[in-house]
Amino acid sequence: MSRDFWKAFARNRGAVVGLAILALVVLAAVFANLIYPQSPWDMAAMPFQPPLSDDALLGSDTLGRDIAAGIVHGARVSLLIGLSSTAVALLIGVTLGAIAGYHGGVVDDAIMRFTELFQTIPNFVLAVVLVAIFTPSIANITIAIAVVSWPPLARLARGEFMALRSREFVQAAITTGQGTGTIILRQILPNSLSPIIVSASLTVATAILLESSLSFLGLGDPNVMSWGYMIGAARTVIRQAWWMSFFPGIAILLTVLALNLVGEGLNDALNPKLARKGRA
Amino acid sequence: METGSDILLDVRDLTVALPQGAERPNAVENVNLRIARDEILCVVGESGSGKSMTAHAVMGLLPGPHVRVTGGEIAYRGRDILTMGGAEQRGLRGDRIAMIFQEPMTALNPLMRVGDQIEESLKAHSSMEQSYASKAARRARVVELLTDVGLPDPESLRRSYPFRLSGGQRQRVMIAMALALEPDILIADEPTTALDVTTQKQILGLIRTIQAERRMGVMFITHDFGVVAEIATNVAVMQHGRCVEAGPAAQVLNQPRHPYTRQLIAAVPHYIEHRGDFLKRGDALLTAEKVRKVFHLGGGLFRKGRELVAGDDISLTIHPGETLGVVGESGSGKSTLGRCIVGLNKTDGGRILFQGQDLAALSRNQFRPVRKDIQMIFQDPYASLNPRHKVADIIAQGPVAFGESRSKATARARELLRLVGLPESAADRYPHEFSGGQRQRISIARALALEPKLIIADEPVSALDVSVQRQVLDLLEDIRHRFGLAMLFITHDLRVAAQVCDTIAVMQRGKVVEMNTAREVFQNPQHAYTRTLLDAIPGKGWEIPEELRTGTAGLAGRGAVA
Amino acid sequence: MAAIASFLGRRLIKSVFILFAIVVINFMLVRAAPGDPAMVMAGEAGAADQQYVEQLREQFGLNRPIHEQLGIYLADVATGDLGYSYRQQRPVWDLIGERLPPTLVLTGFAFVLALTAGVLLGTLAAMRAGTWSDSAITVLALLSYATPIYWVGLMLILLFSVQLGWLPAFGYETVGGGYEGWDRVTDIGAHLILPVVTLGLFYMAVYARLTRASILEVRDMDFVKTARAKGLTEARIVFRHVLRNAILPVITFAGIQAGHLIGGSILIETVFAWPGIGRLAFDAVLQRDYQVLLGIFFVTSVMVIVFNIVTDLVYSLVDPRIEVA
């Protein structure tokens, strides 16, 4: 099973590249303190040093902070918030979606109206409002992103549960006397997992983009260096110092791209039939 | 009209290659077929025989770049279609050679009015047919065609969207579309397989009539020898991409030569006259009294949906050891009844007495102990087994849920696999490694694992090819005798019911209209609807050759594994 | 026709419920904003004596039970009163109303660009599935998907404005340009190009991917085989049969994505100093002007609802089956 999985995954070359990039980002995040032991907030060079200067590989910013150090340390908050907010969104979304899809009827209707409400609200505006009102901190940003990210996951989980629930093997499980818990955990969940995993990988990507957008607007946690903050701070000096916003942007682009590629690879490996159709 | 040779289509040594890695190199191999004017050629075969591929090759509709013709020729009136240019081929399609398909529900564009879809055909070929250059002429022709295929009120029907039409009506629209330019050849790819029997009879009649009126050549693809007997002038039998036998209908049907043809004909389900009547002993095992079930569709929190009455006053009884066939067309409520009995649907009225206990009154939890006694076999062998569980687990899950130890249940699962004709090693494999027939055997083993008293079999063989169908029916017959099981056998096919059932209940619009012994239902039907159904059985005028008829079901084919 | 009316009627009723729920959420957020609202208001107004705070409490009904306060709030919103910004010393609705037109222009153009270009590219990619141009479009879509739009905006400014000097980078029109009539329109048009392209690019990628996938799925459907069997030309099959059916999920998705588009405009307006409600939101964030922020939250939600009604209308015109949906 897992051997087939890797074979199918590796067949998608983009996915392998994505996985490699992602591994680099993770390494940077984990070993940030070893690569750049100094705080990324400290002045490391003269301000406005262009890239490839002696004391700053990717240049320095308006206050003489090392851009490269900022990028390496920024990987931490991006990954942390990306993963934790997706975890929270999965918890909310899959739970609600599973309940709606399994029970159907009025319960489903109520949950779906609720989901629709959250889908109607412009999600980024809500995230901005939430973070602004509850003050920017890693926990609040995580929650705000989760609050605006769960509806698509809920819809997906609901669709899967609804389709699987009426599948004959689930009906057979009911007629052979298996309990509701067993049916959900043993029969339905394993079969609905692969689209949810694929979707979750894309949710991490979107969450990283959302986090960067919030910090771009100055709504990031003021205690941690983040890519969006770096671009936001450099915005007004774009004419004089392109590198200050260019490199953090590339960092976001590569990370999000890598996650998307990995997501597609997972899709190919986990849903072989669908993938073939999409490619044809 | 033509005076010389009346051969319209001559397929010579046709070979269609499959993409690499497929289970065999060619979908169709060296096939020769001929269709003359005024003739219906039936191409018969089971799934994967290449019959449909042959038809698609003639139409130039083979899927994608990987499936393509690699040898032979397809001559239309002496000219090879395969060497024609794209535009010329397109000119033939829909004009001289037309085609209708199996699934009327999906064969029409859902967003276009049916009249426009027919008109489109006229317009596409209007450069050749000057008579349809004007819009008014095309419109008149559409109405004429809709009238010809027997659709009511063609003037308003032409403005309808497909979703408003029934399956039979849609198939008529497809036929009207195919006839638009008076083609020489009509290719019909299983055009009645998705339809109810009574509708099938009408469509077959329609195809025969228009074929005779317009002196067309028809290539009719089917898996059903009953349909062949009903409609064919000539027959070609296909197996694994090859044509194994061809000849005039009377000859192939009554003196089949090739062993495969003989096997197919022997597998055609039919009523067995000298089957003994079932003797009812003791109390009824299950009695349904005025069962009612209404589905609510499309409703929500704030909106009331439509109501669909699926079961309305269903009453019947089953005795221990009896096989009761519930026969009806789609929407008759037969499956709903089965699902109500096993507790998958809640009833809206009436009683279901099982060994004196009213199942309809039980709550979900109260129902659980009863589940041991009533098991179900489902229709779709591909959807009824969890793809992520091993076969042993699938069979053992029921007993484990009722407190059996896992090791005991697994050991029993292996025994059951042998009983249903599968090797014990099947236990450690996953469902996708098995064929449809084998999966249905696994389903049967799962149902038997709880040692039930009653089995509800919901169309257990309708997704299977005839030869496999026969083997599974034999297996069911065998186990019910061995375990003294009662069975509620739900089917749309009277022939199948005739073969395995002691008693038959005929259902129509949520009611049982007639219930009697199989013999009485067949030889002395009381209700008009039963007579309509019997009359609609395809090939009822054809007697299966004596030497291929089986005295009792259960003897032929036993031991062979699907 | 009656079917369409009843379908739209149902959607309208649903929209009213959603609107109500949004107002309630908004009310709860107002309550959740840090500090005693009266104190905050007094603080924002620059006066903090106890008597003034009490007066404010009385004036805004802050000393009444919560459900009464909600009632007052609902009545206020219904009459277009979205509160008062003490920082700017103006009613919130006036601030927003003034900034709304530029935002509508920006998002409207971006949406049209994204939809047409996206559907076109998606169709092209699907028709040439597996070829060089398909891969190019797919890669472009993937890249646009992964790039933060505000960064794309900055990079476009760098290229077209700073390096090449072709296009203006900031604002709605040339300040002090004194253009009149047609000249003013072209001037605004030139200012529009970069923000519209930036905002549109991301959604173009989304629609292109969706269209491609949808076409590939529809292409295998039975009715397309029917169309081919009729002897139709490939072009007619694609436009009359495939594309019309493939566009349905794109319309649905466009409705769902409307909120994202408006959210994106906050970022774009910040980058391009576009004087719309996005820019207003950014300033409100900087000044922690919660009244304005919540007003924007409400107004953008209403915009999404209106947009959804429009997409429902379009959908009902394309798909005759809505009455059974």
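Numbered from 1 within each chain, the chains take letters A, B, ... in sequence-line order.
Nearest heavy atoms, C:Y145 versus A:L209: O-CD1, 3.7 Å. Closest of all the heavy-atom pairs between C:P148 and A:S212 is CB-OG, 4.3 Å. Of all heavy-atom pairs between C:V285 and A:L217, the closest is CG1-O, 4.1 Å. When all heavy atoms of C:F297 and A:V125 are compared, the pair lying nearest together is CA-CG1, 3.8 Å. In this structure, A:R235 and C:V271 approach most closely via the heavy-atom pair CD-CA, 4.4 Å.
Considering only heavy atoms from C-beta on, C:L294 comes within 4.5 Å of A:I133 through its side chain. Residues C:I25 and A:L117 meet the side-chain proximity criterion, which asks for heavy atoms closer than 4.5 Å.
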Apply side chain to side chain contact (heavy atoms under 4.5 Å, CB included) to residues A:L261 and C:L142 and explain how you reach the verdict.
CA-CA 8 Å; A:L261 290 173; C:L142 209 58; 3.2 Å; yes

C:L158 and A:F246: CA distance, side-chain angles, deciding distance, side chain to side chain contact (heavy atoms under 4.5 Å, CB included) verdict
CA-CA 10 Å; C:L158 201 58; A:F246 181 76; 5.8 Å; no

Which is it for C:W151 and A:I252 under the side chain to side chain contact (heavy atoms under 4.5 Å, CB included) test, yes or no, and what are the steps along the way?
CA-CA 10 Å; C:W151 185 75; A:I252 301 173; over 6 Å; no

So A:L130 and C:L29, side chain to side chain contact (heavy atoms under 4.5 Å, CB included) or not? Walk me through it.
CA-CA 8 Å; A:L130 287 175; C:L29 287 172; 3.7 Å; yes

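Within the model, atoms OG of A:S245 and CG of C:L154 stand 5.0 Å from one another, a figure rounded to the nearest 0.5 Å.
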